[in-house]
Q: 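Handing you a structure now.
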Amino acid sequence: MRSLLVAPLVLQHKAVGTLSLYSRQLGFFDDAKVELVKTMASEVGRSPERHDVMERNRKNESELAFLSHHDRLTGLPNRQLMEDHIARLISSESDSARLAVMVVSINNFHEVNARLGHEGGDVILCEVARRLRKEVYPFGYVGRVGASRFIACTDRFDQLDGLINQLMARLQSPVNCMGAVVETSSSVGVAVEFKNQAEARTLLRRADLALSRAKEKRGSQFRYYDEKMDEQIQRMHSLRSEFANALLRNELELFYQPKIDLHTREVVGAEALVRWYRDNRFVPPGEFFPAIEDTDLMRKLDWWVLREAIRHAQEWQGEGRVIPVSVNLSAMTLKHDSFVPGIEALMAAYPLPVGHLELEVLESVSQQEAEQVVAKLERCRELGLLIALDDFGTGASSLVHLQQLPFDTIKIDQRFVRRLLEAPGNEAIVRSMVSFAHYSDRKLVVEGVENQPIWARLLELGCTSGQGYGISPPMASRQLPGWIDGWETSDINLDYNI
């Protein structure tokens, strides 16, 4: 060999090999041949680079295709793929004529994230996914379709009851997570349909609806879908729409139920209660609240009630009457960012003497976002408002926690009072509430004073303020002043039961 030409093979700016050419002829590689070999080497070097790029592209495309149909964290199918799986089971020729879809939700998952962070939450989600796969595979499919929501489907209808029981038991088992033992519970909604009548999205919607009913019971519960749920949801949507129009058409009216001193019979205030004039009758809130309580209509209603109650209080004040009013406030309104600016603006525009307006807050509200709630309640007190804890005893707040919250008044829920004479346990609960109010320096108001024997027993237990149908049912605002005049000048014997 008399001539040698060596060209480097470069891949991603690094020499990974050489292209070597030899000749028996001396001086064979002139400038033209050198340039040609340079070009050849360059192309040869680019070939594996192009192959590497193509491989990476194929891998990325494969990953994107997977992620477009699967959950990144758990690897489970997403909603779109689960709909395809359900459709596949519907069209399959298995022995079963029915198909079941289950929607599983981890209860209070936000508390897990708050306690352990999102890393801990991810551990819980992956463990729940593993447990679901273990129970459902290979007889069906499992997918993740929300932050803490999963879907399972199977056409093994003959084993459905056993599968649900196993799922409920397995999902309640504690999870070891980041050195902590985490108690979990789940709610499950189940929809079942004959395959020849089934449609994937309809089954998912029905299972979601059944899940919402299961969640209403709290704890680990499951519910099967039935047609009444659809009828109920349609009625609720219709009622919600009608109520929105009622707000615009001013079809609402405030009624007031007097609160009295049980010792002196003096009227010490009145609770504002909204009524909706519909179909020639006044509809109480218990009939329409379920339709609006989780919507913005509840906030709109709260502000309407506040403005109307303040207007009435100012009217009575102008007549020389001192009638403090209390207004129920929903959790949605209290926790909204606009609450404090709104109440400040309202009190600036329509000032009332200190203590003339009381906000009644449900006990359950006090446990949610405690620091934010406390600050808002304290601001209300700075504005001269009083704060009452409504339905005390029905929530799960500890007495230590309640002691730290800025409440002026505690209201004992009427469910403890109405059966006070028949249920000794209720009397013990009332006694403890009286003691708590006394030692925490708070006023106590008893709801559900229905008759004279209950009234007398409440006085013996140390209760001094009360309201109830035995004193007066709620009445229209225009009737309240006249009722007060008649009440304070009468000598009524409440030896009856309403």
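Computed from a predicted model, the values in this text were never measured in an experiment.
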Q: Is Arg213 salt-bridged to Asp226, going by a charged N under 4.0 Å from an acidic O?
A: no

Q: What's the shortest heavy-atom distance between Arg88 and Tyr141, and which atoms?
A: NH1-OH, 4.1 Å

Q: With the side chain counted from C-beta on, respond yes when Lys376 and Ile343 share a heavy-atom pair under 4.5 Å apart, and no when they do not.
A: no

Q: Could you check if a side-chain atom of Cys153 sits within less than 4.5 angstrom of a side-chain atom of Met82, using non-hydrogen atoms only?
A: yes

Q: For Ile90 and Ala200, which heavy atoms make the closest approach, and how far apart are they?
A: CD1-N, 3.9 Å

Q: Do you see a donor-acceptor pair shorter than 3.5 Å between the side chains of Glu271 and Asn328?
A: yes

Q: Could you go through Leu160 and Met102, starting from their C-alpha distance and side-chain angles, then the distance that decides it, and tell me whether this counts as side-chain contact (heavy atoms from CB on, under 4.5 Å)?
A: CA-CA 10 Å; Leu160 181 60; Met102 292 160 280; 4.3 Å; yes

Q: Working note: Leu301 + Leu252, criterion side-chain contact (heavy atoms from CB on, under 4.5 Å); need CA distance, chi angles, decisive distance, verdict.
A: CA-CA 9 Å; Leu301 175 61; Leu252 305 180; 3.7 Å; yes

Q: Are any side-chain N or O atoms of Gln172 and backbone N or O atoms of Met168, one a donor and one an acceptor, separated by less than 3.5 Å?
A: yes

Q: Before giving the answer on salt bridge (charged side-chain N to carboxylate O under 4.0 Å, His left out), spell out for Glu308 and Arg311 the whole-Å C-alpha distance, their side-chain angles and the decisive distance to 0.1 Å.
A: CA-CA 5 Å; Glu308 194 73 357; Arg311 182 177 70 83; 2.6 Å; yes

Q: For the pair Arg156 (side chain) and Leu163 (backbone), establish whether a donor and an acceptor sit closer than 3.5 Å, ignoring hydrogens and angles.
A: no

Q: Would you confirm whether Thr154, through its side chain, and Phe139, through its main-chain N or O, come within 3.5 Å as a donor-acceptor pair?
A: yes

Q: When you compare the side chain of Val374 with that of Glu378, does any pair of heavy atoms fall below 4.5 Å?
A: yes

Q: Is the number of heavy atoms from other residues, nucleotides or ligands under 6.0 Å of Glu227 CD greater than 12?
A: no

Q: Which pair of non-hydrogen atoms, one from Trp303 and one from Gly342, has the smallest distance, and what is that distance?
A: CH2-C, 3.5 Å

Q: Would you give the length of the straight line joining atom CG of Leu99 to atom OG of Ser92, rounded to the nearest 0.5 angstrom?
A: 8.0 Å

Q: May I ask you to decide if Ser330's main-chain N or O and Asp302's side chain share a donor-acceptor pair within less than 3.5 Å?
A: yes

Q: For atom CZ of Phe282, is the number of surrounding heavy atoms from other residues, nucleotides or ligands below 6.0 Å larger than 12?
A: yes

Q: Contact between Thr184 and Val128 at the side-chain level, heavy atoms closer than 4.5 Å - yes or no?
A: no

Q: Could you tell me whether Asp441 atom CG has more than 12 heavy atoms of other residues or ligands within 6.0 Å of it?
A: no

Q: Rounded to the nearest 0.5 Å, what's the gap from CG on Leu125 to CG on Asn113? Could you check?
A: 7.5 Å

Q: For Arg299, is there an ion pair with Asp296 - N to carboxylate O distance below 4.0 angstrom?
A: yes

Q: Looking at Glu422, I want to see if its CD is surrounded by more than 12 non-hydrogen atoms of other residues, nucleotides or ligands under 6.0 Å.
A: yes

Q: Could you give all pairs that pass the salt bridge (charged side-chain N to carboxylate O under 4.0 Å, His left out) test and reach residues 170-193, with sequence neighbours left out?
A: Glu135-Arg170, Glu193-Arg206

Q: Any heavy-atom pair between the side chains of Val446 and Phe416 that's under 4.5 Å?
A: no

Q: Walk me through whether Val181 and Asn176 qualify under side-chain contact (heavy atoms from CB on, under 4.5 Å).
A: CA-CA 5 Å; Val181 177; Asn176 292 316; 3.5 Å; yes

Q: For Tyr350, does the OH atom sit with more than 12 other heavy atoms under 6.0 Å from it, leaving out its own atoms?
A: no

Q: Quick one: does NZ or CZ of Arg98 land under 6.0 Å from the six-membered ring centre of Phe157, within 45 degrees of the ring axis?
A: yes

Q: Report the C-alpha separation of Ser220 and Leu171 in whole Å, then their side-chain angles, then the decisive distance to 0.1 Å, and conclude whether the side-chain contact (heavy atoms from CB on, under 4.5 Å) test is met.
A: CA-CA 9 Å; Ser220 295; Leu171 293 175; over 6 Å; no

Q: Apply side-chain contact (heavy atoms from CB on, under 4.5 Å) to Arg418 and list each qualifying residue two or more places apart in sequence or on a separate chain.
A: Gln414, Glu450

Q: Is the Phe243 ring parallel, tilted or perpendicular to the Phe288 ring (thresholds 30°, 60°)?
A: parallel

Q: Please report the closest heavy-atom contact between Ala309 and Ala272, naming both atoms and the distance.
A: CB-CB, 4.5 Å

Q: Measure the spacing between CE of Met178 and CZ of Arg115 and express it to the nearest 0.5 Å.
A: 10.5 Å

Q: So how far is it from Asp71 CG to Leu73 CG, rounded to the nearest 0.5 Å?
A: 5.5 Å

Q: Using the rule salt bridge (charged side-chain N to carboxylate O under 4.0 Å, His left out), only one of Arg235, Arg281, Arg278 pairs with Glu287; which is it?
A: Arg281

Q: Identify which one of Lys259, Lys411, Glu447 satisfies the side chain to side chain donor-acceptor pair (under 3.5 Å) criterion when paired with Gln467.
A: Lys411

Q: Keeping Lys443 on the side-chain end and Asp408 on the backbone end, is there a donor-acceptor pair under 3.5 Å?
A: no

Q: Check this for me: does any side-chain nitrogen of one of Arg457 and Glu427 sit under 4.0 Å from a carboxylate oxygen of the other?
A: yes

Q: To the nearest 0.5 Å, what is the distance between CZ on Arg223 and OG on Ser212?
A: 8.5 Å

Q: Please determine whether the number of non-hydrogen atoms from other residues, nucleotides or ligands lying under 6.0 Å from atom CZ of Arg201 exceeds 12.
A: no

Q: Give a yes or no on whether Arg249 atom CZ has more than 12 heavy-atom contacts from other residues, nucleotides or ligands under 6.0 Å away.
A: yes

Q: Which pair of heavy atoms, one from Ser465 and one from Leu444, lies closest together, and at what distance?
A: CB-O, 3.5 Å

Q: Is there a donor-acceptor pair closer than 3.5 Å between any side-chain N or O of Arg144 and the backbone N or O of Ala147?
A: yes

Q: Tell me if a side-chain donor or acceptor on Ser241 pairs with a main-chain N or O of Ser238 at a distance below 3.5 Å.
A: no

Q: Under 3.5 Å, is there a donor-acceptor pair between the side chain of Arg240 and the main chain of Ala291?
A: yes

Q: Please tell me if the side chains of Leu254 and Val274 come closer than 4.5 Å, counting only heavy atoms from C-beta onward.
A: yes

Q: Could you check whether any side-chain N or O of Ser435 sits under 3.5 Å from a backbone N or O of Arg431, counting only pairs where one atom can act as donor and the other as acceptor?
A: yes

Q: Which atom names give the shortest non-hydrogen contact between Ser68 and Asn78, and what distance separates them?
A: O-ND2, 2.9 Å

Q: So Asp390 and Phe407, do their side chains get closer than 4.5 Å, heavy atoms only?
A: no

Q: Could you tell me whether the side chain of Pro406 reaches within less than 4.5 Å of the side chain of Leu377, counting heavy atoms only?
A: yes

Q: To the nearest 0.5 Å, what is the distance between CG (Asp122) and CG (Leu116)?
A: 11.0 Å

